[in-house]
Structures are given as structure tokens and as C-alpha cells.
**Student:** 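Before anything else, here's the structure in question.
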Amino acid sequence: MTIEKLETGSYRIRQQYKGKRYQIVVKYKPTQKEATILMAEKMKLAPEEKKNAPKTFKNCTIEYINDRRSDSILSPSTIRGYMSLINSSMDSKFVNKNIYDITPKDIQVEITRYSQEHAPKSVRNMHGLISTIMHEYRPSFVYDTKLPELQTRISTTPSIEEVKMLLEATSGTPYHVMVQLGILGLRSGEMQALTLDDMKQLKSGAYILTINKDRIRNEKNQWVIKNIPKNNTSNRKIELPKELAEEILQAQNFRTDIYMKNYK
């Protein structure tokens, strides 16, 4: 097996096996172990890459989702996003095309078409799905897609006076607790998943709130509680100000049904 750098900056892996020469081109310099794995996949898949293979991109996506659904690898919101893409957002000609007939040009055309009416972040999410499926079913497939530049977001921070005005305006309403939790860094889905069991009082008198759930929509567009955080930093504990803890305890319904009814 040989690994050589090309003038384009990519790397080509070559190996001859049983009288047949195999080669793979990747954008990065692979380790010997990575090259061996890639070549093994290439040799295994090469005889199976037939034009009449009855697998469309859509079929492969559904199969990929179902294979990982039981292992909880994909979150309900991720599955919902994937299904929405292949059912309504992506071009029907692309999703119904044989996975082995898809070319780099097909991918670029689909990305360009989608980017005309969608934000760069949404385009990159769709490209992420395409990359995932192509890597899963055609690991030796090489393509280089031009993606739109991400837009620079200009964030603003409310002043202390603006925060005070917001707290005063929501005082005495179900939103007052939500605003305070938002100031502490909670997202709306995390707030809606909270129950009183998530708040504990320590012997010192301090109140600790555990955030390890999220309220999201699944693939059927139904609200569900997801117990696994999106990442490790999402699973956290924070100390609540005593005044906020007491306000929560005095509330008749900490699940904030009134808030959730208005959050559509």
C-alpha cells in the first residue's frame, strides 16, 4: 500500500490485490491505520457498486435512521430534520436516484438549488445529511462541494436597565420565572422540561437546579421530553437565587402549562 500527496493537496492511497489495483483519494493525510480501513472498505464495496442496486438516496436515509433508532444514536429532533429534508425539502429527482448513480455534480446542483432559498446554516445541515449517507453507503466516494459562506451574526447584550424593565413587566405572570431562568442560561426547551424534582435544597440552604432534559418535537411533530443532553455541557447543575427558588415553590404548576400553551 502506498500513500502519496497530489499536486492538489489531496492524498492518494493505492494498493494492488488479486491482480486488481485499487485507489482512494482523500483531502487529508491519513494514518496507516486509516488508510488500511479505507482500502478494506473499498475492496469490500467495489464488487457491489452496481448501477442496478435497488437503493435510492431516500431508501438509504430511512434505513440509516431505522438502524440507529434502536441505539438512540440519533435524537428525535435530528430524525425529524432528516425526514423533513428527504420528504419535502430536497429535490425528488435527487432523493429518488440510485445511491450508486449519484455524482459529485448531482450533489453540487442540489446544494446550489437549496441555497437559493435557505440560509447557509440550513444548507450546511442538508449537506451534512448527504455526507453522512454517502459515507455510510459509499465510503470510497470522493467529492468536493462548494458551500455558501456562513453569515456573521451580530449578537447584542441587553443593558441592566432593559433587564430590569423586562423583569418588572413580567412580575406576577408565569413568564417571570421563565425570564429569570433565561438570565441564568436556560433554553426554552430546557425550561419546559423542568419539574420540581429537578430542584433540590442542600443542608446549607442553597437551592440547586439540575438541567438534563429538553422538550423537543419528534419526527411526528409531537412534543417529547428528551433525557439525553445534546452535549456534555448541556447536562449541568446551577445554584438558584433564594428569591427565585421560593417563587418556584410557591407556583402551583412548575411545568408552566400556561407558558407552554403560548409556545407554539
Side-chain angles (χ1 to χ4, degrees), residues 74-81 84-85 89 115 117-126 128 148-264:
L74 299 178
S75 71
S77 57
T78 298
I79 293 175
R80 176 172 172 261
S84 177
L85 283 171
S89 299
S115 65
E117 298 182 356
H118 295 82
K121 182 178 179 181
S122 298
V123 176
R124 289 172 182 269
N125 287 341
M126 188 184 80
E149 295 292 332
L150 288 174
Q151 299 171 341
T152 301
R153 295 184 60 184
I154 301 176
S155 59
T156 58
T157 302
S159 65
I160 295 177
E161 289 303 318
E162 289 174 327
V163 173
K164 287 182 178 178
M165 289 174 60
L166 182 59
L167 289 171
E168 290 175 1
T170 57
S171 180
T173 74
Y175 299 97
H176 195 239
V177 168
M178 299 298 120
V179 170
Q180 294 176 81
L181 291 175
I183 293 173
L184 293 175
L186 273 73
R187 297 186 291 269
S188 62
E190 293 173 333
M191 297 179 199
Q192 296 176 65
L194 291 172
T195 68
L196 282 176
D197 291 335
D198 297 312
M199 188 173 71
K200 301 294 183 184
Q201 184 176 19
L202 304 181
K203 291 182 178 179
S204 63
Y207 288 91
I208 300 298
L209 185 65
T210 299
I211 300 101
N212 58 7
K213 303 185 295 297
D214 200 4
R215 186 173 182 261
I216 60 174
R217 289 188 185 275
N218 62 14
E219 62 192 283
K220 297 179 181 179
N221 208 31
Q222 300 170 329
W223 286 109
V224 296
I225 301 298
K226 184 181 72 169
N227 293 317
I228 300 176
K230 191 172 185 179
N231 50 58
N232 290 334
T233 58
S234 296
N235 194 348
R236 60 203 189 278
K237 295 178 183 292
I238 61 173
E239 183 175 347
L240 294 177
K242 184 178 179 180
E243 295 78 6
L244 174 56
E246 291 176 348
E247 186 175 351
I248 290 173
L249 291 172
Q250 291 172 5
Q252 294 183 353
N253 192 345
F254 187 49
R255 288 299 297 270
T256 58
D257 286 354
I258 297 178
Y259 176 79
M260 291 191 286
K261 286 178 181 177
N262 287 278
Y263 187 80
K264 300 293 184 181

**Student:** Could you go through Val163 and Leu166, starting from their C-alpha distance and side-chain angles, then the distance that decides it, and tell me whether this counts as side-chain contact (heavy atoms from CB on, under 4.5 Å)?
**Tutor:** CA-CA 5 Å; Val163 173; Leu166 182 59; 5.7 Å; no
**Student:** Identify the heavy atoms of Leu194 and Thr210 that sit nearest to each other, and give their distance.
**Tutor:** CD2-O, 4.0 Å
**Student:** How many angstroms lie between atom CG of Asn125 and atom OG of Ser84, to the nearest 0.5 angstrom?
**Tutor:** 11.5 Å
**Student:** How close do Asp198 and Ala193 get, counting heavy atoms only, and between which atoms?
**Tutor:** OD2-O, 4.0 Å
**Student:** Kindly compute the distance separating OG1 (Thr157) from CD (Glu162), expressed to the nearest 0.5 Å.
**Tutor:** 10.0 Å
**Student:** Do you know the tightest heavy-atom contact between Leu240 and Leu244?
**Tutor:**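 Scanning both residues completely, I find the closest heavy atoms to be CD2-CD2, 3.9 Å.
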**Student:** Consider side chain to side chain contact (heavy atoms under 4.5 Å, CB included). Of Met126, His118, Arg124, which one does Ser122 pass it with?
**Tutor:** His118
**Student:** What distance do Leu249 atom CG and Tyr207 atom OH have between them, rounded to the nearest 0.5 Å?
**Tutor:** 5.5 Å
**Student:** Pair Val224, Arg215 - check side-chain contact (heavy atoms from CB on, under 4.5 Å), show working.
**Tutor:** CA-CA 6 Å; Val224 296; Arg215 186 173 182 261; over 6 Å; no
**Student:** Could I get the full list of side-chain hydrogen bond (donor to acceptor under 3.5 Å, both in side chains) partners for Ser115, not counting sequence neighbours?
**Tutor:**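 Ser115 satisfies side-chain hydrogen bond (donor to acceptor under 3.5 Å, both in side chains) with no residue once adjacent residues are dropped.
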**Student:** For the residue pair Glu243 / Gln180, report whether a side-chain donor-acceptor contact shorter than 3.5 Å exists.
**Tutor:**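 Judged by distance alone, the side chains do not pair up.
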**Student:** Is the shortest distance from a Lys or Arg side-chain nitrogen in Arg236 or Glu190 to a carboxylate oxygen in the other one below 4.0 Å?
**Tutor:** yes
**Student:** Please assess Leu167 against Ile183 for the test side-chain contact (heavy atoms from CB on, under 4.5 Å), listing each intermediate value before the final yes or no.
**Tutor:** CA-CA 10 Å; Leu167 289 171; Ile183 293 173; 4.2 Å; yes
**Student:** What's the separation between atom CE in Met199 and atom CD1 in Ile208, rounded to the nearest 0.5 Å?
**Tutor:** 11.0 Å
**Student:** The test is side-chain contact (heavy atoms from CB on, under 4.5 Å); show your working for Val177 and Glu247 and say whether it passes.
**Tutor:** CA-CA 7 Å; Val177 168; Glu247 186 175 351; 3.8 Å; yes
**Student:** Which distance, rounded to the nearest 0.5 Å, do you find between the CE of Met178 and the CG of Leu181?
**Tutor:**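 Taking CE in Met178 and CG in Leu181, the distance rounds to 5.5 Å.
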**Student:** Does any non-hydrogen side-chain atom of Asp214 lie less than 4.5 Å from one of Ser77?
**Tutor:** no
